[in-house]
Structures are given as C-alpha cells and as structure tokens.
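One is the number of the first residue; the rest follow in order along the sequence. Small disclaimer: the values here were computed from a predicted structure and weren't measured.
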Amino acid sequence: KARTQLAADTMLTGRNYSGGAPVDDVLSFADTPHVLIAGTTGSGKSTLLRMMVSTLALNTDPANLRLYLVDLKKTDLKPFRHLPHTELFAGEDADALRAIRIVHREVKRRKDAEDIDAPRIVLVIDELAEVGDRDTLDLLSSILRIGRSFRVNVVAATQLPTKATCGEKNNYTVRFVGAVTDAQTAALAAGRGDSGAHLLPGKGAFLRVEGTKLDRLQAYHLDMAGTEAMVDAAVQRWGRGYKPVQQAV
C-alpha cells in the first residue's frame, strides 16, 4: 500500500502516526541534507534504508542522481548495484574508503569551481561503525559540513550512534531512531534526552527527529524480494543510460 510515486529527490520513509489520520512520511533532499538512521539489530533500520534508496532511485532520473553505496556486510544495499544511478558499490574496507574519498574529492572540486548545478550525489553507508577509522571519519565530517551547498548528501545507518562512529552528528539534520538498548543510547541517537526511543518495540517503529520536532512513524516492510522488484521497476523506468556497476578496486 506504500505510495512510491513521489517527486524527484524524495524518499518514502514510512507512515506517520503523530496525530490525526496516518499519512505517508517522506523526506526531500531539497529540505534535508543528511540523514542518520540509528537502531539496534531488529529495529528495522536496514528495511527503512532500502525503502529510502528504492523510492529515491525510482523517482529521480539517473542523469540527476549518482549513488555511492557502502555496505561491508554485502547484503542490504547489494541489490542497488544494478541501478543505473549507481557509480560504485563498495563491499570491502578499502573500497569503502575509496568511495568516501571520491565523494570528498568531488565536493572539493565543486567548491573550488563554484559548481552548484552538478548532478546530486548521495553517499549511502550501511553500518557506519564498520568504516569508522579516524581518517575516514575526517573525510566524512568534511562532506557533512559542506556537501549540502554542492548537492552532495549522506544517508547513513548505524547501531552505535557516537561521535567516534558517525563523525559530526550535528550535521545530520534528520535522524530516524529505532529501538535502542537504553536511555543513554537513545539520547545519543536522538540528540536529546527525552525521546523515549529506548521504549520502542522494534520491527520498524521509529522516531523522526528534526530540530525540536519529534514524530512517531512506522517503516514499511520491504524484504529483499520487494527490494529487487523496486530495483527492476527503476531500471525499466530509467533504462536509458543503464550501465553495469563499477566495482571498487
């Protein structure tokens, strides 16, 4: 029942239950530069991430959107390597660092050239803690600070929402916080102490935290078969310009 036909640069995140009749919850890069998804195993963060990437690709022309995907587990983001939008799929440690370096270098190029009209780049990272060495985090923090002005965005998921694993968390302007282990982790993930995220039941139950606003939403369940069907639909829609994914070397 998910409404997957959206405007370009827009992602479906779930159903919003914060008051009145439930409505679809969407997020647009026109309003939000960077997104952090936090939650323990079983919270539904990978399912949420897959729906966001699927709907973004389905509704945005690959001529205007390039994806860099980092998934060291080689599971949840792997189907997206077939998208015509995908520049690089990184499934190994060295590949992840390379992807982040490429995006960082492109941000610098756009800044130096004052290029604000280049195609949007979205760096998607599934489990930040796996790529969190100091040098990589420094590059990621730089992307988070200045990427927005040059159409470069980050969407990252993690079980451990600390500065040591996420870089400069204040630059994630929207946070989706699922079930976490305790109140302290909830405060770290939400950036506030009163979210109650540690009371969430898991299985796709999230809080959307944006500034002082906090909404309750339920992510749509999107399994791997459904993800592959969404990828197929995107390939059919944007088949022109389709190319095999560049594997990081």
Note to self: I'd like to know whether S46 forms a side chain to side chain contact (heavy atoms under 4.5 Å, CB included) with D126, so could you lay out the CA-CA distance, the side-chain angles of the two residues, the decisive distance to 0.1 Å, and finally the verdict.
What the structure shows: CA-CA 8 Å; S46 294; D126 191 10; 3.9 Å; yes
Next item on the list: Could you check F206 against D25 for side chain to side chain contact (heavy atoms under 4.5 Å, CB included), going step by step and ending with a plain yes or no?
Entry: CA-CA 11 Å; F206 281 90; D25 190 271; over 6 Å; no
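Looking at L36 and T158, their side chains come closer than 4.5 Å, going by heavy atoms from C-beta outward. Between S195 and L214, the closest side-chain pair of non-hydrogen atoms falls below 4.5 Å. Between L217 and F176, the closest side-chain pair of non-hydrogen atoms falls below 4.5 Å. Counting heavy atoms from C-beta on, the side chains of F80 and L67 never come closer than 4.5 Å. Here the side chains of K78 and F89 are in contact, with some heavy-atom distance below 4.5 Å. Looking at I121 and R151, their side chains never come closer than 4.5 Å, going by heavy atoms from C-beta outward. Between V131 and L97 there is no side-chain heavy-atom pair separated by less than 4.5 Å.
The side chain to side chain donor-acceptor pair (under 3.5 Å) search around D71 returns none, not counting sequence neighbours. Checked against salt bridge (charged side-chain N to carboxylate O under 4.0 Å, His left out), R109 has the following partners two or more places apart in sequence or in another chain: E106, D115. Under the salt bridge (charged side-chain N to carboxylate O under 4.0 Å, His left out) criterion, D93 pairs with no residue, sequence neighbours left out. In terms of the salt bridge (charged side-chain N to carboxylate O under 4.0 Å, His left out) criterion, residue partners of D194 (sequence neighbours excluded) are, by chain and number, R192. Applying the side chain to side chain donor-acceptor pair (under 3.5 Å) criterion to D138, with sequence neighbours excluded, gives R134. Listed by chain and residue number, nothing satisfies the side chain to side chain donor-acceptor pair (under 3.5 Å) test with K203 (two or more places apart in sequence, or in another chain). For T40, there are no side chain to side chain donor-acceptor pair (under 3.5 Å) partners at least two apart in sequence or on another chain. The salt bridge (charged side-chain N to carboxylate O under 4.0 Å, His left out) test applied to R148 returns no partner, not counting sequence neighbours.
Linking ILVMFWY residues whenever their side-chain heavy atoms come closer than 4.5 Å, directly or via other members, leaves V177 and V26 in distinct clusters.
Summarising the local packing, NZ of K73 is surrounded by more than 12 heavy atoms from other residues, nucleotides or ligands at distances under 6.0 Å.
Listed by first then second residue, pairs satisfying side chain to side chain donor-acceptor pair (under 3.5 Å) with a partner in residues 225-235 read R50-T227, not counting sequence neighbours. For residues 6-16, the pairs satisfying salt bridge (Lys or Arg N to Asp or Glu O under 4.0 Å) are D9-R120, R15-D24, with sequence neighbours left out. Among residues at least two apart or in separate chains, salt bridge (Lys or Arg N to Asp or Glu O under 4.0 Å) pairs with a member in residues 209-223 are R208-E210, K213-D215.
In this structure, the side chain of T55 engages the main chain of M52 through a donor-acceptor pair within 3.5 Å. For the pair K45 (side chain) and G39 (backbone), a donor-acceptor distance under 3.5 Å is present. A donor-acceptor distance shorter than 3.5 angstrom exists from the side chain of W238 to the backbone of A57, with no hydrogens or angles considered.
Residue L6 holds its CG atom at 10.0 Å from CE of M11, rounded to the nearest 0.5 Å. Atom CG in L128 sits 11.5 Å away from atom CD in Q159 (nearest 0.5 Å).
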Expected list for residues 27-35: side-chain donor-acceptor pairs under 3.5 angstrom, two or more places apart:
unit_1, atom_1, unit_2, atom_2, d
S28, OG, A30, N, 3.1
H34, ND1, V154, N, 3.1
H34, NE2, L144, O, 3.1

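Here the closest non-hydrogen pair linking R101 and L139 is CG-CD1, 3.5 Å.
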